[in-house]
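Notes for the one structure printed next.
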Amino acid sequence: MIDVSILRNSPDVLATSLQRRGISLDIEALAELDQKRRRVRSSAEDLRAEQKEAGKSIAQLEGDEKAAAISRVAEVAEGYKNALAEADELDARFEAQWVLIPNLVDPTAADGLEEEDAVELTRWGRQPDPAVAVRDHVELGEMHGFLDIERAAKVSGSRFGYLLGPLVRLEFALVQYALDTLEPYGFVPVVTPVLVRSNALYGTGFFPGDEDQVYSLPADDLYLVGTSEVSLAAMHGDEILDGDTLPLRYVGFSTCFRRESGTYGKDTRGIFRVHQFDKIEMFSFCKPEDSPQTHDFLLAREEELVQGLEIPYRVVNVAAGDLGSSAAKKYDIEAWFPGQNRYREITSTSNTTDYQSRRLKIRYKSDKGNELVHTLNGTAIAVGRWLIALVENLQQADGSIVVPEVLHKYVNFDRIELPA
RNA sequence: GGAGAGGUGGCCGAGUGGUCGAAGGCGCUCGCCUGCUAAGCGAGUAGGGGGUUUACGCCUCCUCGAGGGUUCGAAUCCCUCUCUCUCCGCCA
């Protein structure tokens with residue numbers, strides 16, 4: 001949710017932002033509704049003040065005098081009740097439209113509406129020789145027996161997978177590697193809840209809007225998170241943080257659940273796009289003035305992690321029209337996937353400025369009073385896709401897979417050999 | 001799952017229909033005092049919305065777990081929900 005004062009004081013800023021996102025909206029009508037609701041609220045409050053004032057004297061009176069005073073103020077009470085109901089109704093109507101407005105786009109976000117409009121910022125690493133990296137992760141999985149998609153389909157349906165043997169070892173090695181890399185920077189490791197209330201999804205900007213992407217458990221009124229960003233952001237909801245403790249940094253581990261509705265026929269091969277995967281996520285709460293540099297910092301940590309694993313990648317500045325509703329700006333790292341012969345997203349870091357903190361009511365004490373913090377998130381390691389990138393990029397001509405140096409201390413093998 | 005007890009300001013804790021956004025204590029901030037990292041004295045100290053002001057500020061409304069209801073008036077009465085704690089059961 002963005003600041004209402006934008007609507008009142010600088011509607012042109014709002015208009016520009018919406019236009020960059022490719023959204024059309026009658027801003028003037030919204031502004032009028034906003035004015036009206038305030039007018040009605042104000043007159044309701046006047047009645048209420050009158051009623052309260054009368055109540056004070058009633059408390060002093062007795063007998064007939066009291067009865068007369070009560071009947072006099074009853075009319076005021078009735079008027080207040082009606083005015084309040086109208087004000088509430090107008091608020092609700094305004095709110096319903098206001099929550100749908102996405103975050104203001106950062107001026108430095110890339111222009112355009114589509115995924116393809118993202119601007120490439122850097123490129124790192126050397127793509128493997130196509131003559132060597134000939135097998136995709138599904139083939140490698142079958143040869144090695146460390147990935148079983150058929151049985152997963154039998155048990156759970158499409159878009160699931162069993163990871164087996166060395167791939168499991170690699171998963172936990174990646175987790176260790178991420179924690180060991182990030183903890184020195186002050187990231188506090190967290191294992192988060194994966195079942196949350198709707199409020200957490202609302203607060204992070206997924207609701208309203210993305211209901212069809214989220215698994216729900218209606219019997220308990222809970223939802224499965226698609227990313228630990230949700231549980232991490234909501235962790236400090238309704239809190240006023242001490243400014244001296246900022247920035248707060250967390251690195252969360254959780255399984256992520258995504259319905260992937262509307263992606264039929266897209267990325268159907270292997271485990272590139274699945275309903276369930278594990279992910280390590282960075283999250284930071286910081287002062288507003290620090291969020292741009294925090295965003296760069298998160299991107300730097302992501303690059304550090306990818307580079308350590310020797311995976312070739314590029315960084316893109318995501319186009320305004322392709323941003324999620326809560327993001328003002330977003331960088332993706334796209335790894336080279338030999339099996340697809342192109343770069344695909346393996347991390348994503350967003351500066352959500354005060355969009356989430358306003359909804360979640362996360363402030364900090366400053367000299368100027370209580371201010372909303374800024375929140376930022378960034379993938380540390382999305383395990384599934386990183387495993388694919390690893391095995392596809394580091395496969396050898398004979399089908400074996402070299403384990404990157406940085407993982408050696410976490411696994412008891414430095415190469416995955418084909419089974420005899 | 002069964003039985004019971006509770007959710008009040010940063011924390012503890014009073015308050016069972018009227019001048020209560022709320023006694024008291026702790027903590028914290030500022031000032032005073034004190035020759036010794038303490039004690040004492042005084043003042044201040046919740047969040048949010050709206051109006052007004054260049055601004056300091058002033059006015060006003062809402063919030064005592066959440067949402068409804070009764071009433072001229074609710075922290076206090078009624079209903080629903082929710083969370084926490086204790087005991088029993090079950091359980092990784």
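Since this is a predicted model, take the numbers as computed values, not measurements. Reminder, nothing fancy here: chain letters follow the sequence lines and each chain counts from 1.
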Write down the distance separating the [atom1] atoms in [N] and [M], rounded off to the nearest Å.
N	M	atom1	answer
B:C11	B:A46	P	13 Å
B:U76	B:U80	P	16 Å
B:U70	B:C77	C1'	8 Å
B:G21	B:C36	P	45 Å
B:A38	B:C20	C1'	37 Å
B:C72	B:G15	P	29 Å
B:C12	B:G65	P	14 Å
B:U37	B:G25	P	26 Å

What is the distance from [atom1] of [X] to [atom2] of [N], rounded to the nearest Å?
X	N	atom1	atom2	value
A:Arg41	B:G48	CZ	C1'	12 Å
A:Glu75	B:U71	CD	C1'	17 Å
A:Arg8	B:G51	CZ	P	6 Å
A:Lys361	B:A66	NZ	C1'	12 Å
A:Leu84	B:G69	CG	P	10 Å
A:Arg37	B:G51	CZ	C1'	14 Å
A:Gln35	B:G49	CD	C1'	17 Å
A:Leu222	B:C81	CG	C1'	14 Å

Under a 3.5 Å cut-off for both distances, is [N] Watson-Crick or wobble paired, and to whom?
N	value
B:G6	B:C83
B:G42	B:C30
B:U37	none
B:G21	none
B:C64	none
B:U52	B:G57

| message | Any base atoms under 4.0 Å from A:Gln51, or only sugar-phosphate, or nothing? Heavy atoms, all strands. | response |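 Sugar-phosphate, no base atom in range.
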
| query | Just checking A:Lys52: base, sugar-phosphate only, or nothing, at a heavy-atom cut-off of under 4.0 Å? | reply |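 It contacts sugar-phosphate atoms only.
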
| task | Measure distances between side-chain N and O atoms of A:Glu45 and base N and O atoms of B:G49, and say whether any donor-acceptor pair falls under 3.5 Å. | result |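 Yes, a donor-acceptor pair under 3.5 Å.
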
With a cut-off of less than 4.0 Å, is there a side-chain N or O of [X] near OP1 or OP2 of [N]?
X	N	answer
A:Arg363	B:G48	yes
A:Arg38	B:G51	yes
A:Arg48	B:C72	no

Run the salt-bridge test on [X] and [Y] with the 4.0 Å N-O cut-off and return the result as yes or no.
X	Y	result
A:Glu260	A:Arg159	no
A:Asp34	A:Arg8	yes
A:Glu89	A:Arg93	yes

| request: Name the orientation class of the two ring planes belonging to A:Phe187 and A:Tyr185 (parallel below 30°, tilted from 30 to 60°, perpendicular beyond 60°). | output: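 Plane angle over 60°, so perpendicular.
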
| Do the ring planes of A:Tyr250 and A:His236 sit parallel (below 30°), tilted (30 to 60°) or perpendicular (above 60°)? |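 Rings of A:Tyr250 and A:His236: tilted, 30 to 60°.
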
| request: Kindly confirm or rule out a cation-pi arrangement of A:Arg269 over A:Phe272, judged by NZ or CZ under 6.0 Å from the six-membered ring centre and within 45° of its axis? | output: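 No cation-pi geometry.
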
| said: Distance to the ring centre below 6.0 angstrom and angle to the axis at most 45 degrees; does that hold for A:Arg169 and A:Phe146? | reply: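 Cation-pi check for A:Arg169 and A:Phe146: fails.
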
| task | Measure from the side chain of A:Arg197, starting at C-beta and using heavy atoms only, and say which of B:G51, B:G18, B:U82 lies closest. | result |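 The listed nucleotide nearest to A:Arg197's side chain is B:U82.
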
| field | Residue A:Ala77, side-chain atoms from C-beta onward, closest of B:G73, B:G50, B:U60 | value |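 The closest nucleotide is B:G73.
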
| request: Could you pick out which residue, A:Asp46 or A:Lys66, lies toward the 5' side of RNA chain B when each is mapped onto its nearest nucleotide? | output: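 It is A:Lys66, whose closest nucleotide lies nearer the 5' terminus.
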
| said: I want to confirm an ordering. Mapping A:Lys81 and A:Asn370 to their closest nucleotides on RNA chain B, which one lands closer to the 5' end? | reply: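 Between the two, 5'-proximity favours A:Asn370.
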
